[in-house]
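All remarks here apply to the structure that follows.
Everything numeric in this text was worked out from a predicted model, so none of it was measured. This chain uses plain numbering: 1 for the first residue, then up along the sequence. Start at 1 and go down the list; that is how both ligands and their atoms are numbered. Only heavy atoms go into these numbers, but all of them, side chains included; no hydrogens, no water, no symmetry mates.
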Amino acid sequence: MNFDLTPEQDQLRDAVRALGRRYGHSYFVEKAKTGGHTSELWSEAGRLGYLGVNIPTEYGGGGGGITELALVCEELAAAGCPLLLLVVSPAIAATVINKHGTDEQRKRHLPGLADGTQKIVFAITEPEAGSNFHRLGTVARRDGDDWLLSGRKCYISGVDEAQYVLVVARTEDASTGKLKPALFIVPTDAPGLTRSKLDMEILSPENQFLLYLDDVRLPADALVGESLDAGLPALFAGLNPERITVAAMGAGTGRYAIERASEYTATRKVWGGRSIGSHQGVAHPLAHAAVQVELARLMIHKAATLYDAGRDLEAGISGNMAKYAAGEAAALAVDTAVQALGGAGMTTEYGVATLLGAVRAGRIAPVSREMILNFVAQHVLGQDKSY
Ligand SMILES: Cc1cc2nc3c(=O)[nH]c(=O)nc-3n(C[C@H](O)[C@H](O)[C@H](O)COP(=O)(O)OP(=O)(O)OC[C@H]3O[C@@H](n4cnc5c(N)ncnc54)[C@H](O)[C@@H]3O)c2cc1C
């Protein structure tokens, strides 16, 4: 068992940390409050190669794995910049296209994803289907060589910033007549694709949208992979990277909040010469949160290592556990930090309450804590499926 990063990974961590700190949480908050995007940070991270760490070198990436991408997600979040689009664009979209796309799709998309000039967001959630992806109602029909996509998607992050959206739809299997999933790379300006922004109680420069697909016409090569059989494996390919990187983002956010609070409680004095952190009622909850965050980080490291070793099934279990642990730990850490800061905790200036919405959402998305518990109960504990 090896808990050490390689020298290259250590260097990457330090470099991303330095970049994140140069921007910092006030930059993130300012963009969110003024309706802007973190474009400068994204572009710089792309230019420096951090967005493409998991993309093969032949497409301009770093040739690393999800371990490296998780480091990027964690360190930017630990600097107060939790970028959700890292989870959808380089983690999900790049993995799906690299593993299951055609050569042509790899050449068209991976270089831009690697240097950050191209963003591809991900649309699976639907209003009626919710957590039950077997009920997806977005349908792809053939029309000559083209495809026509119709349906609705909800909570889709970053559509306003992206050139493409990877849409999960269903097609009719010619041999069985059954519907099966297929992924399509859809330009965000395709005729028939419209969106409306959702008002979310999350302070973030990244927005969520309702998407309406009304007979969106796509060429044959918009389908990910060579044939319809690529759909299901392509969909599953995105899941582990998604869970591991979103967990890393949660762990980084937890670290950020605990660091902010610890700096404050170590120096704030309201009872004579003693810091408020000397009171165990203040220090213990912070220490408890720090333990939870560190445990989540261990599980993230394990999941990423298994994933990069090609051990997908084991990575699925660890990745789900890591996502669960990090989601809970991040929410605990931010809430505890707010409490430890007292009134200052609720100000924008101290930059912790600004994360309350985001960490709360991290217990729901991209997969809810309940669906992870269902997964663990079924696949680890051997319980019958309840739904
Ligand atoms: C900030 C944010 C960003 C998002 N970004 C994206 C995105 O980019 N792309 C995308 O496709 N989706 C995105 N989503 C959607 C997200 O993945 C879903 O919200 C999530 O999967 C839950 O689905 P739902 O909201 O429909 O909840 P529902 O399925 O309606 O569930 C409601 C509640 O019931 C619980 N529940 C449901 N079924 C069961 C069961 N069988 N057992 C126990 N409990 C159950 C759930 O855990 C949840 O607590 C985003 C959501 C948020 C909040």
Does some side-chain heavy atom of Leu136 sit less than 4.5 Å from a side-chain heavy atom of Glu126?
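The answer is yes; the side chains approach within 4.5 Å.
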At less than 4.0 angstrom from any non-hydrogen atom of [X], what atoms of ligand 1 do you find?
X      : value
Ile156 : 7 (C), 8 (O), 9 (N), 10 (C), 11 (O)
Ile202 : 1 (C)
Ser368 : 46 (C), 47 (O)
Tyr387 : 41 (N)
Glu370 : 43 (C), 44 (N), 46 (C), 47 (O), 49 (O)
Gly130 : 26 (O), 29 (O)
Met371 : 38 (N), 39 (C), 40 (C), 41 (N)

So, regarding Ile124 and ligand 1 (criterion: nitrogen or oxygen to nitrogen or oxygen, under 3.5 Å), is there a contact or not?
yes
For [atom], what is the nearest protein heavy atom, given as residue, atom name and distance?
atom                    : answer
atom 13 (C) of ligand 1 : Tyr155 O, 3.2 Å
atom 9 (N) of ligand 1  : Phe122 O, 2.8 Å
atom 15 (C) of ligand 1 : Thr125 OG1, 3.3 Å

Report yes or no: do Ser157 and Gln208 form a side-chain donor-acceptor pair below 3.5 Å?
yes
Between His37 and Asp160, is there a side-chain donor-acceptor contact under 3.5 Å, judged purely by atom types and distance?
yes
Does the separation of the ring centres of His109 and Tyr164 fall below 6.0 angstrom?
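Judged by ring-centre distance (under 6.0 Å), His109 and Tyr164 do meet the cut-off.
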Glu128/Arg135 ion pair, N-O < 4.0 Å:
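So Glu128 does not pair with Arg135 through a salt bridge.
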Pairing of Lys302 and Glu314 as salt bridge, 4.0 angstrom limit:
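Result for this pair is no, no salt bridge flagged.
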Does the protein come close to atom 34 (O) of ligand 1 - that is, does one of its heavy atoms sit below 4.0 Å from that atom?
no
Atom 11 (O) of ligand 1 protein-contacted (non-hydrogen atom, under 4.0 angstrom)
yes
Centre of Phe209's six-membered ring, under 6.0 Å away, within 45 degrees of the axis: is that where NZ or CZ of Arg195 sits?
yes
Out of [options], indicate the one that has the non-hydrogen atom closest to [atom].
atom                    : options                        : answer
atom 20 (C) of ligand 1 : Leu198, Ile364, Val165         : Ile364
atom 21 (O) of ligand 1 : Gly158, Pro366, Ala365         : Pro366
atom 53 (C) of ligand 1 : Glu242, Lys385, Met200         : Met200
atom 28 (P) of ligand 1 : Gly362, Ser157, Ser131, Ser204 : Ser131

Please work out, at 4.0 Å between heavy atoms, whether the side chain, the backbone, both, or neither of Lys153 comes within that distance of ligand 1.
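None of Lys153 does.
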Please classify the Asn374 to ligand 1 contact at 4.0 Å (heavy-atom distances, strictly less than): side chain, backbone, both or neither.
side chain
Suppose we screen for side chain to side chain donor-acceptor pair (under 3.5 Å). Which residues come up paired with Arg268, at least two apart in sequence or across chains?
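By the side chain to side chain donor-acceptor pair (under 3.5 Å) rule, Arg268 matches Tyr264.
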Could you walk me through whether Tyr324 and Arg369 pass the side chain to side chain donor-acceptor pair (under 3.5 Å) check?
CA-CA 6 Å; Tyr324 180 93; Arg369 59 194 298 284; 3.1 Å; yes
Only one of Leu41, Leu83, Thr38 clears side-chain contact (heavy atoms from CB on, under 4.5 Å) with Pro205; which?
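Testing Pro205 for a side-chain contact (heavy atoms from CB on, under 4.5 Å) against Leu41, Leu83, Thr38 leaves exactly one candidate, Thr38.
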Would you kindly confirm whether Ile156 and Val87 end up in one hydrophobic cluster when ILVMFWY residues are joined by side chain heavy atoms under 4.5 Å apart?
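No; tracing contacts between hydrophobic side chains, which count when under 4.5 Å, never links both residues.
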Connected via hydrophobic side-chain network under 4.5 Å: Leu166 and Phe236:
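No, no single cluster joins them.
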